[in-house]
Asker: 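What follows is a single structure, and I will ask about it in a moment.
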Amino acid sequence: MPTTDLIADLEWRGLLKQCSDLEALKVALKTQQTFYCGFDPTADSLHIGNLLPLMALRRVQEHGHKAIAIVGGGTGLIGDPSGKANERTLNTPETVAAFVKRIEAQIRSILVPDKTIIENNADWICQLSAVELLRDVGKNFTIAWMLAKESVSARLESGISFTEFTYMILQSYDFVVLNERHGCTVQIGGSDQWGNMTAGIDLVRKMRGQQTHVVTFPLITTSSGKKFGKSEAGAIWMDPAKTSPYAFYQFWVNSEDPDVPRFLRQFTLLSHEEIEAIEAEHNANPGQRSGHKRLAAEVTRLVHGEEELQKVILASQALFGGADLATADVGTLIEATASAPSTEVDLAYIPQVADLLVTLGLATSKGDAGRLMKGGGFYINNQQVDAGSVPTLSADHFLGGRLCILRKGKKSYATVRVAGA
């Protein structure tokens with residue numbers, strides 16, 4: 001049975017910005033409703049900006065309602081002009097179809113599988129003839145009304161093609177089809193989609209004679225005004241092949257302090273009570289960064305699973321907490337040290353440690369390297385080298401036969417990697 005506090009929950013989590021008719025929606029939510037949200041396949045993976053609508057749909061499910069995710073195999077062939085200054089580059093149908101399959105799998109991993117319907121709007125959009133689109137659907141739109149929508153009006157000066165101009169019509173038609181097939185009555189999406197979404201309300205009313213609703217959530221920025229979901233390396237993807245689980249975890253653990261409570265509410269499935277307790281601990285002892293760590297752990301577990309999360313935590317503890325590196329996953333260690341100074345060697349011809357330290361920038365000269373090793377501040381794979389000794393690297397020092405980590409003091413480290421491994 002649906003609960004009656006979905007709206008209150010969305011408001012508390014910062015997932016509610018606009019609603020077409022809030023009071024009418026509250027009445028409708030006393031019985032089970034079906035929500036939908038669309039995801040256009042513009043790449044072969046979703047990024048964490050897409051995680052917000054997925055979390056909104058997951059909250060819908062948690063409160064007893066049904067959720068539909070549309071992967072826009074049809075609309076993705078056109079391109080949404082919303083929020084874009086210029087025309088999108090169109091991908092081939094084969095590329096879009098491949099993107100759809102990968103994104104469908106990511107959506108299933110976040111939403112409750114047995115409570116989720118995933119549709120591909122290519123199944124109906126690509127079946128429409130031009131005459132059907134113009135006669136049966138397009139006749140319900142006036143040009144003046146479409147020009148007044150921000151997604152269109154914002155592009156008039158720079159130029160908008162007829163192709164992108166029709167995107168609003170196609171997205172609106174999705175709502176009609178989902179209302180007919182699944183009784184869908186609520187569309188949810190980002191606030192930049194408001195114009196397209198309200199167009200859908202009007203089209204369902206005209207073609208189906210039914211009242212529907214739209215709900216938007218705010219577009220996320222960081223407290224410092226930076227675009228959310230970007231790192232120095234670029235976008236943070238949900239595909240581990242594009243953004244490693246370690247880099248994914250580090251993005252969240254490095255969140256700006258004021259953003260942590262907000263992100264805990266928006267991007268985790270924790271209860272109100274759990275989040276408020278974490279916030280209290282975070283505010284009482286900010287230096288412990290407990291809120292950052294819990295946020296990173298919860299989102300990484302949700303997207304990549306418990307096993308990958310534990311690999312990441314173990315690698316972090318091993319690198320920065322002095323734990324035995326031999327217990328950590330080598331692949332994760334390689335990802336974790338990707339930005340550190342590095343050099344490659346052949347196991348048959350491993351250079352002297354002093355030469356490696358100079359090459360890696362941990363020492364300014366061989367003399368400086370000798371003083372470092374003899375002074376007791378040098379570590380190989382987190383094992384301190386005895387003061388006064390001059391170590392020699394062998395194949396046994398390479399974790400998994402691939403990686404050896406040299407460290408000076410507490411934080412300065414570099415890697416030696418086996419060529420071709």
Side-chain angles (χ1 to χ4, degrees), residues 7 9-19 37-40 42-43 45-60 79-86 88 103 106 110 149-155 158 187-198 214-239 242-243 247-270 272 275-276 278-279 282-283 286 289-300 302-303:
I7 295 299
D9 186 26
L10 294 177
E11 287 179 326
W12 184 84
R13 294 178 183 275
L15 291 174
L16 181 61
K17 182 175 177 63
Q18 300 158 294
C19 182
C37 187
F39 302 84
D40 270 350
T42 57
S45 171
L46 298 176
H47 51 74
I48 59 172
N50 303 123
L51 190 55
L52 194 70
L54 284 173
M55 294 307 295
L57 281 180
R58 181 67 184 262
R59 299 313 310 175
V60 163
D80 183 3
S82 302
K84 298 295 180 182
N86 299 298
R88 290 178 183 268
I103 290 172
Q106 291 179 330
I110 301 297
K149 295 294 184 180
E150 184 179 359
S151 60
V152 173
S153 63
R155 284 282 299 280
S158 61
Q187 181 182 178
I188 192 165
S191 58
D192 61 335
Q193 291 290 311
W194 177 255
N196 290 340
M197 292 166 67
T198 52
V214 298
V215 176
T216 71
F217 41 80
L219 301 181
I220 302 301
T221 58
T222 67
S223 58
S224 63
K226 295 179 181 178
K227 186 174 182 179
F228 174 75
K230 294 283 188 177
S231 69
E232 293 181 1
I236 305 300
W237 300 95
M238 290 172 57
D239 184 341
K242 296 172 75 73
T243 298
F248 188 89
Y249 178 92
Q250 289 298 315
F251 172 83
W252 295 102
V253 87
N254 289 322
S255 296
E256 298 172 22
D257 287 356
D259 291 331
V260 171
R262 181 162 57 106
F263 290 170
L264 279 166
R265 296 178 184 218
Q266 293 173 335
F267 292 100
T268 77
L269 296 173
L270 297 172
H272 293 206
I275 291 173
E276 287 170 349
I278 295 168
E279 289 175 359
H282 172 73
N283 293 330
R289 298 177 61 81
S290 57
H292 298 74
K293 294 174 184 176
R294 186 64 183 276
L295 169 66
E298 292 294 329
V299 185
T300 304
L302 181 68
V303 173

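Both backbone and side-chain heavy atoms feed into the values below; hydrogens, waters and symmetry mates do not. Fair warning: this is a prediction, and the values are worked out from it, not measured in the lab.
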Asker: So Ile110 and Met238, do their side chains get closer than 4.5 Å, heavy atoms only?
Answerer: yes

Asker: Could you check whether any side-chain N or O of Thr198 sits under 3.5 Å from a backbone N or O of Gly195, counting only pairs where one atom can act as donor and the other as acceptor?
Answerer: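 Confirmed, Thr198 side chain pairs with Gly195 backbone.
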
Asker: Is any side-chain heavy atom of Leu15 closer than 4.5 Å to a side-chain heavy atom of Gln266?
Answerer: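 Sidechains of Gln266 and Leu15: in contact.
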
Asker: How close do Met55 and Leu302 get, counting heavy atoms only, and between which atoms?
Answerer: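 Distance-wise, the nearest heavy atoms are SD-CD2, 3.4 Å.
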
Asker: Could you tell me whether the side chain of Thr243 reaches within less than 4.5 Å of the side chain of His47, counting heavy atoms only?
Answerer: no

Asker: So Glu279 and Val260, do their side chains get closer than 4.5 Å, heavy atoms only?
Answerer: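 With C-beta onward as the side chain, the pair stays apart.
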
Asker: Any side-chain heavy-atom pair from Val214 and Gln193 closer than 4.5 angstrom?
Answerer: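 They are not in contact (no side-chain heavy atoms under 4.5 Å apart), so the answer is no.
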
Asker: Indicate yes or no for a side-chain donor-acceptor contact from Ser45 to the backbone of Asp239 under 3.5 Å, with no hydrogens or angles considered.
Answerer: yes

Asker: Leu46 pairs by side-chain contact (heavy atoms from CB on, under 4.5 Å) with which of Leu51, Ile103, Val303?
Answerer: Ile103

Asker: Within the 4.5 Å heavy-atom criterion, are Arg294 and Thr268 side-chain neighbours or not?
Answerer: no

Asker: Locate the shortest heavy-atom distance separating Pro258 from Pro261; write the atom from each residue and the value.
Answerer: O-CD, 3.7 Å

Asker: Is any side-chain heavy atom of Phe267 closer than 4.5 Å to a side-chain heavy atom of Ile48?
Answerer: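 Answer no - side chains too far apart.
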
Asker: What are the two closest heavy atoms between Lys17 and Phe217, and how far apart are they?
Answerer: CB-C, 3.9 Å

Asker: Any sub-3.5 Å donor-acceptor pair from Glu298's side-chain atoms to Leu264's backbone N or O?
Answerer: no

Asker: Could you check His272 against Asp9 for side-chain hydrogen bond (donor to acceptor under 3.5 Å, both in side chains), going step by step and ending with a plain yes or no?
Answerer: CA-CA 9 Å; His272 293 206; Asp9 186 26; 2.8 Å; yes

Asker: Any chance the side chains of Ser191 and Gln18 put a donor and an acceptor closer than 3.5 Å?
Answerer: no

Asker: Any chance you could measure Arg58, atom CZ, to Leu269, atom CG, to the nearest 0.5 Å?
Answerer: 4.5 Å

Asker: Identify the two heavy atoms, one from Leu16 and one from Pro218, that lie closest to each other, and give their separation to 0.1 Å.
Answerer: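 The pair with the smallest heavy-atom distance is N-CD, 4.3 Å.
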
Asker: Looking at every non-hydrogen atom in both residues, tell me the closest pair between Leu295 and Ser255 and how far apart they are.
Answerer: CD2-OG, 3.8 Å

Asker: For Phe39, which residues count as a ring-ring contact (aromatic ring centres under 6.0 Å, His included) partner, sequence neighbours excluded?
Answerer: none

Asker: How close do Ala296 and Trp252 get, counting heavy atoms only, and between which atoms?
Answerer: CA-CB, 3.6 Å

Asker: What I'd like to find out is whether the side chain of Asp257 reaches to under 4.5 Å of the side chain of Arg289, using heavy atoms alone.
Answerer: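 Yes. Closest side-chain heavy atoms under 4.5 Å.
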
